[in-house]
Amino acid sequence: MASQGASGGGFGGVAKVIFAAHDHAGPVGGDVMRRAVLPSSAVLCGVALIGGAALVAGPSFGAEPPPVPAASDDPADARVVEYRGLRVRVPAGWEVHDLDRDPSRCIRYDRHAVYLGRPGPQPDCPARLVGRTEAVHLQPAAEDGRAARTTVPASRLATLKIPASTDHEARLTLPDAGVAVTGVYGTDPALLQRVLRDAEPNPDWKPGPDTQAPPEPNARRGGPGPVDTVLSPLLDEPWARGKGFDTCTAPSLAAMRAWRPSFKVTNIYIGGAARGCAQPNLTGEWVDEVREMGYRITPTYVGLQAPCGSRPQRFTAKNAASQGAKSAVDAARKAEVLGIPEGAPIYYDMEAYKSKKRGCKAAVLRFVDNWVQKLEELGYEPCLYSSASSGIRDVGRADGISKPTAIWFAHWNGKADVYGDSLVPDDWWRPHRRIKQYRGGHKEKHGGVTLNIDRNMVDGRVY
């Protein structure tokens, strides 16, 4: 049994979920939290501990209703999540997951959810997720000194302003609550802002020894820094040839070591408004250590998508040029934080779209033109990932635009060859300027470690 005042111990702070009337219980740590069926006048005052999450049930009426696909705006349908020194009112229909109890849970940004606690070293994520909605991750503040955050007292959240941003993300530290907050939104920050503004300090919480300020970040973890291992001269080549894989979130270093005999190239998703998975492992130190293992890397930015694409995060025909340039600026900043130097490639992930729509195709070409120009100006090699039958074909055929240095094309025909493809002529982007994603999401096991990946054949630009 845990009390409200429990402070950071093995779970980094007890999480409590207090249900309001009419609430729909979502999963915590993979299990469904069930409510007792009580008379309308009854109130259950007991506290049950489930994997470190203390649940306090309020009035409940009748059987559980079906899941709600979208967040409710009715305050009566909200529930309160207490984590360390913070109480957050979560809209009904949102899932709640306890990462301390379920450390392999993937932090997905494509679902309404609140994630509580420290993510495990190897999240079980899909091979790829593109697109976002509103989601919040709360973890101990001392656990995440590696990335720039805005410091806000928990007592002043009621006036918090979440401005629209290129990466659709807000990162906050609440020192008096001992909590680091990562919040993402789909197309409009208003709902995320409302959820965070409704949060308030938990007066019963007392800070423990693990809530003190984190130590100064290691230079290699926090951004550019010296590499203290002599790297192979092959890592200085701007291109590589061999087998590659990509997955939604950067795997643990142990997994990367286990997979190294089987693969030479891996991908990382460094940022963007449509990046669908959190990246708890991805730091400057991770990049350095993976390269020391002998991997080459394809840094990839998952930003706004085509106006006729299937994701909600889109640029428009009107703002395609300006958004292409803004994406390049943000991608360069994200690369710099990870210690990826100028001269390295950055791939823009432009998912498949309906290229037969002329206006949409024209907007994509304007976007890519400005992405290329701006990223070159910032010192990085502008590259492009897309479907062989839409983005790659349209850019390859286009005249009068700046074209990417290299391409990574998706054609899931099972053929592991970068040339001789029926959709991408051999005289486009050569030599050493092509990567082919030839098989989509599936599980593979190497060195005793299983990951969900896409497979690639590489003869192209890498870091």
Side-chain angles (χ1 to χ4, degrees), residues 106-111 125-135 137 147-148 162-171 182-189 192 246-250 266-283 287 297-307 309-316 319-338 340 344-353 363-364 366-368 370-372 374-375 378 380-387 391 404 407-408 410 437 454 463:
C106 180
I107 301 177
R108 298 179 59 146
Y109 291 155
D110 65 333
R111 296 175 175 176
C125 290
R128 83 173 24 238
L129 286 177
V130 178
R132 286 186 171 183
T133 188
E134 291 72 37
H137 178 207
I162 302 293
S165 63
T166 304
D167 62 358
H168 292 207
E169 188 165 316
R171 301 174 63 83
T182 300
V184 301
Y185 65 89
T187 57
D188 185 339
L192 175 62
D246 61 275
T247 187
C248 191
T249 189
T266 190
N267 178 68
I268 55 174
Y269 292 104
I270 65 173
R275 184 174 68 172
C277 289
Q279 303 291 330
N281 293 324
L282 185 56
T283 63
V287 171
I297 296 172
T298 53
T300 302
Y301 184 86
V302 196
L304 298 178
Q305 297 297 302
S310 61
R311 274 72 180 185
Q313 293 77 37
R314 304 173 186 171
F315 53 90
T316 66
N319 68 14
S322 62
Q323 290 297 332
K326 287 180 180 179
S327 295
V329 171
D330 192 51
R333 289 173 179 165
K334 297 291 195 295
E336 184 180 3
V337 167
L338 293 171
I340 299 172
I346 303 178
Y347 288 80
Y348 193 94
D349 184 335
M350 182 74 69
E351 294 292 311
Y353 58 90
V364 169
R366 286 195 299 276
F367 183 98
V368 171
N370 283 269
W371 158 264
V372 170
K374 190 63 177 180
L375 201 58
L378 296 170
Y380 289 90
E381 278 199 325
C383 302
L384 179 66
Y385 166 91
S386 192
S387 167
I407 58 168
W408 174 13
Q437 186 182 78
D454 300 322
Y463 169 54

So which heavy atom on [X] is nearest to which on [Y], and how close?
{"X": "Arg108", "Y": "Ala135", "value": "O-CB, 4.2 Å"}
{"X": "Ser327", "Y": "Phe367", "value": "OG-CZ, 3.7 Å"}
{"X": "Glu134", "Y": "Leu192", "value": "CG-N, 4.1 Å"}
{"X": "Pro312", "Y": "Arg132", "value": "CG-O, 4.1 Å"}
{"X": "Pro126", "Y": "Cys106", "value": "CD-SG, 4.1 Å"}
{"X": "Ile297", "Y": "Pro299", "value": "O-CD, 3.3 Å"}

Practice task
Establish, from distance only, whether the side-chain atoms of Tyr109 and Glu169 form a donor-acceptor pair under 3.5 Å.
Solution key: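 Note: Tyr109 and Glu169 side chains miss the donor-acceptor criterion.
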
Exercise for the section: Check whether the side chains of Asn319 and Thr316 place a donor and an acceptor atom closer than 3.5 Å, and report yes or no. Expected result: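 Their side chains do contain a donor-acceptor pair, which is all the 3.5 Å distance test asks for.
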
Handout entry: Beyond-backbone contact of Thr249 with Tyr269, side-chain heavy atoms, under 4.5 angstrom
Key =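 No, their side chains stay 4.5 Å or more apart.
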
Practice task
Check whether any side-chain heavy atom of Tyr463 sits under 4.5 Å from a side-chain heavy atom of Val287, and report yes or no.
Solution key: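 Yes; the side chains approach each other to less than 4.5 Å.
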
Distance (rounded to the nearest 0.5 Å) between [X] [atom1] and [Y] [atom2]:
{"X": "Asp188", "Y": "Ile162", "atom1": "CG", "atom2": "CD1", "answer": "12.0 Å"}
{"X": "Leu384", "Y": "Thr300", "atom1": "CG", "atom2": "OG1", "answer": "10.5 Å"}
{"X": "Arg311", "Y": "Glu351", "atom1": "CZ", "atom2": "CD", "answer": "4.5 Å"}
{"X": "Ile268", "Y": "Asn281", "atom1": "CD1", "atom2": "CG", "answer": "12.0 Å"}
{"X": "Tyr348", "Y": "Leu304", "atom1": "OH", "atom2": "CG", "answer": "5.0 Å"}
{"X": "Leu375", "Y": "Tyr380", "atom1": "CG", "atom2": "OH", "answer": "8.5 Å"}

Any sub-3.5 Å donor-acceptor pair from [X]'s side-chain atoms to [Y]'s backbone N or O?
{"X": "Arg314", "Y": "Gly309", "answer": "yes"}
{"X": "Glu381", "Y": "Pro404", "answer": "no"}
{"X": "Gln305", "Y": "Gly303", "answer": "yes"}
{"X": "His168", "Y": "Gly186", "answer": "yes"}

Handout entry: Worked verdict on Cys277 versus Cys248 for disulfide bond (SG atoms under 2.5 Å apart)
Key = CA-CA 6 Å; Cys277 289; Cys248 191; 1.9 Å; yes

Problem - Asp454: which of Asn267, Asp246, Thr247 passes side chain to side chain contact (heavy atoms under 4.5 Å, CB included) - result: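 The residue from Asn267, Asp246, Thr247 that satisfies side chain to side chain contact (heavy atoms under 4.5 Å, CB included) with Asp454 turns out to be Asp246.
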
Practice task
Quick one: list whatever passes disulfide (SG to SG under 2.5 Å) with Cys383, sequence neighbours left out.
Solution key: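 Checked Cys383 against disulfide (SG to SG under 2.5 Å); zero matches.
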
Handout entry: Mutual orientation of the aromatic rings belonging to Tyr301 and Trp371 [parallel < 30°, tilted 30-60°, perpendicular > 60°]
Key =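 Tyr301 vs Trp371 ring planes: parallel.
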
Handout entry: Stepwise side-chain contact (heavy atoms from CB on, under 4.5 Å) test for Val364 and Phe315
Key = CA-CA 9 Å; Val364 169; Phe315 53 90; 4.1 Å; yes

Practice task
Answer yes or no: is there an ion pair linking Asp330 with Lys334, defined by an N-O contact shorter than 4.0 Å?
Solution key: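 Salt bridge between Asp330 and Lys334, a charged N being under 4.0 Å from a carboxylate O: yes.
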
